[in-house]
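In what follows, a structure is listed as structure tokens, so that the remarks can point back to it.
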Amino acid sequence: MVKSVYFSFMKKAFQQKYIYRSDSYIYIFTSLLSFFVQISIWFALYSGKESVNGITLPDMMNYVIINLIVSSFTRSNMGNRLATKVSDGSIEADFVRPVNFKYYFIFEQIGENLFYTVFGTIPICIIAALFLQFKFSIDVIKLLLFFISLFNGIILIYFINYTFGLLSFWFKTALYATWYIRACFDLFGGTFVPLWFYPSFLLKISSYLPFRLISFEPISIYLGKYTNAESLQIILLQLFWIVVFLLIEKVIWARAQKIITIQGG
Amino acid sequence: MAFIEVSSLTKEFKIYKRKSGFGNVLKSLYHRDYEIKKAVSGIDFNINKGEVVGYIGPNGAGKSTTIKMLAGILVPTSGTVCVDERIPYKNRKENAMHIGVVFGQRSQLYWDLPMNETFDLYQKMYRINNAVFKRNVEFYVELLAMKDFIKTPVRQLSLGQKMRANIAVALLHDPEIVYLDEPTIGLDVVAKDRIRHFIKEINKEKQTTVILTTHDMDDIAQICDRLIMIDKGRKIYDGSLEYFKQTYSTGYMLIVDFQNANENLFNSKFKVVKEEGTTKWILFRKEEISAPEVVSYITQNFAIRDFSLKEPDIEEIVRHIYEKDIQPVAYK
Amino acid sequence: MHYIDLYFQFIKINLKSMVEYRSSTISVALAEATGFFAQFGIVWVMINQFKTIGSWGPYEVLLLFALNLLSYALASFFVARLSNGLPNMILMGRFDEVLTKPMNPFLYLTCSGFSYGYFCHVIVSIIVIVMCFAKLCIKMTALKILFFIIVVISGALIQASASIFSAVPTFWMIKNSSLRSLMFSLSDFIQYPISVYNKAVQIVLTIIFPFAFVNFYPAQYFLEKSDFLMFSPIIQFLSPLVAIILFVGSYLFWISGIKHYNSTGS
């Protein structure tokens, strides 16, 4: 279903980043710093406490590490890139090519993120996992459920970013969709502070939004906060949201195409 | 002392070599290989107040580097540059008060606002007094026919309108020298004419010295009296436009449409350079034979249907020089 | 004098632009505000659950957060466009135009590049600061208010210096996006009291990248705390001095960058 050409796009994006890898050394240092900030905060918050709301410090360490990887892998500036392509007209060249625009665009983003994750984040995480107490789960089923839900979560955020990025077509400007999504993701997806610590009114709002399903729930599965049955429910909910965004995207895409063909971009 | 004096002006750049591979990247931290590129190599010229000079050369010849040194943006490696008894890079701000710069296709106007907002800002920046400011604005708006769109936000203007506004802005403070970099690029024929006419008027009215860098030879032909040409950092011509045409041209071209094809022309004073059907292109130099002489020779000896005379064309000559070609490729 | 007049002219023309291009202004402001509200919300959630970080209570932490934001926003009004736009300007050859103006290029860029999108940040952070002062029952005398204004201005100068330091290498290197993100990451540290980090970090944030003088040290004067780590209590008053030294330093660095541009063109 997914042709090898899309993997080429992914590879190309990866290679383009690789050429400027000296740039990435600073990025690595930067993510190391932000990682360090988070760890220090949690150590300070937990000083003198064994567990809070049933969550222990080792739990939090795992949380931070996995979140770091997910974070770097799900970076997105697809909204801005789309807006730029529309405003400078290069979008037309993309339409003339015999490739599915959506896949090409998403795979390019993946290629870019892969570079940052492989060369930046993962080394940090390995070092961190060695020095901090990282829980390695041996429960095969749990691990499997974790990986499936993580995979779904990542697909979900890519779809969300892409779909909102498409709005740039409509409005001709960047609309800064990515910023809004990032803000909602951070707040309602618990990327810094896990939802276990949230007050009930915020939790309620989160439960209606897809953001917590992206990294928070998968990590919860990994840390054994759910039974296998509950984990499966989460996965189903993720699939539901993925379908929802697929549909929304189709609608926006149809409209966008109309606009492009009528106005010539 | 001439208004602008440039003497043995030289500018060298260090071009660092980029090597790949981790070992070389490490090495580059303490030592890098470089080669020296001489962008401008011992240039001399003097320009008097009120001259309109065309400053031309192929890409990479060193034109913009010279202009940047005149404007005070770059510091020369050696040699001297003196503008109105000031050294530009040493007195950058003062020099800036007396110059105007127009970059083709690049706008210095505020995008979302009508041009008069930018005018007001520049009045403050260049400390133009109210009377002079008002007079200049009226004069330029009149001369450039901008009354219709003076209140329109700049982003809604066409390229031609934007260029006119940009030139007006650059001249608000009555600079003694104006540097024009490709001022007519991308403009339609009417717009080009307007800009050229404007520059000539300004030069006539205010004795503004104009230095024009362009690849459009019509600009040069219509505005400039003097031509300085540089190539590979060196000056290869400095003199009047007329003399340039005479000296460097390959000659005048008489295009004759004969009654019959394959007529045999033979004359030591001119040369047939091209034939197409019944038409022949005949090249001759005015020093060796005059145009009437060629025409009468042809009409006396052959039956012809029509003819036209083409003068040496600057663009042609320049192309000839750039390519070091002997035969001109085509005439308009 | 002439420069003050000119400066106001720049502000006027930029504000006029903002009004003209209302939709763009509003969408930027909204997007940034949302991001910052989310941050604020996250910190609030954390404090709400854990009650204290180190010896700092909720409103004390929020005060640090808001001071950081306020000084950052004030600095960004002037230096944001300079530090974000410099690489592009040099790449596109637009920097030359700056040098043809009869003005100090630094002044020209900070004035003409006035970015109006930060008003939102300023208003909200001031509201938060006032709220924190109220909740903590801090009595403000005329002298304290004066010192507070000095602290805020000092903080803005420090943040501005950081931006300038991260932008100037562009004259040598062109690509500086990574340096910018490095600077942002470092400033993230001061959103929380730096006593939670280990000694090495505290030293770095005090002596090498003195961000701690933006909020951590001066705030303690108002909060009547003595969390001075390994330093003497006088450090709570040193922000203005640090700010001036840093700003002068960043300006000198800028000058050297321009000198380099003068001799190499790019």
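First the proteins, then the strands, lettered A, B, ... as listed; each starts at 1.
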Heavy-atom proximity to chain C below 4.5 Å, by part of B:Lys11: side chain
Closest non-hydrogen atoms of C:Arg81 and C:Gly113, given as atom of the first, atom of the second and distance, are CB-O, 3.3 Å
Could you note down all residue pairs passing ring-ring contact (aromatic ring centres under 6.0 Å, His included) where residues 156-177 of chain B supplies at least one of them, sequence neighbours left out? B:Tyr126-B:His173
Counting only non-hydrogen atoms closer than 4.5 Å, does B:Asp120 touch chain C with its backbone (N, CA, C, O), its side chain (CB onward), both, or neither? both
Which atoms of B:Phe103 come close to chain C, meaning under 4.5 Å heavy atom to heavy atom: side chain ones, backbone ones, both, or neither? side chain
Honestly, the part of B:Pro76 sitting under 4.5 Å from a heavy atom of chain C is neither
If we define contacts as heavy-atom pairs under 4.5 Å, which of C:Asn14, C:Val98, C:Asn262 has the most with chain B? C:Asn262
Applying a strict 4.5 Å limit to non-hydrogen atoms, the region of B:Tyr179 in contact with chain C is neither
Mark yes or no: B:Lys37 above the aromatic ring of B:Phe13, with NZ or CZ under 6.0 Å from the six-membered ring centre and no more than 45 degrees from the axis. no
Look at B:Lys63 together with B:Asp231 and state whether they make a salt bridge at an N to O cut-off of under 4.0 Å. no
Under the salt bridge (charged side-chain N to carboxylate O under 4.0 Å, His left out) test, residues paired with C:Glu97 that sit two or more places apart: B:Arg106, C:Arg94
Looking at B:Glu94, B:Met97, B:Gln123, B:Glu117, which one has more heavy-atom pairs under 4.5 Å with chain C than the rest? B:Glu117
So which of C:Phe10, C:Phe78, C:Tyr108 actually passes ring pair (Phe, Tyr, Trp, His ring centres under 6.0 Å) with C:Phe114? C:Phe78
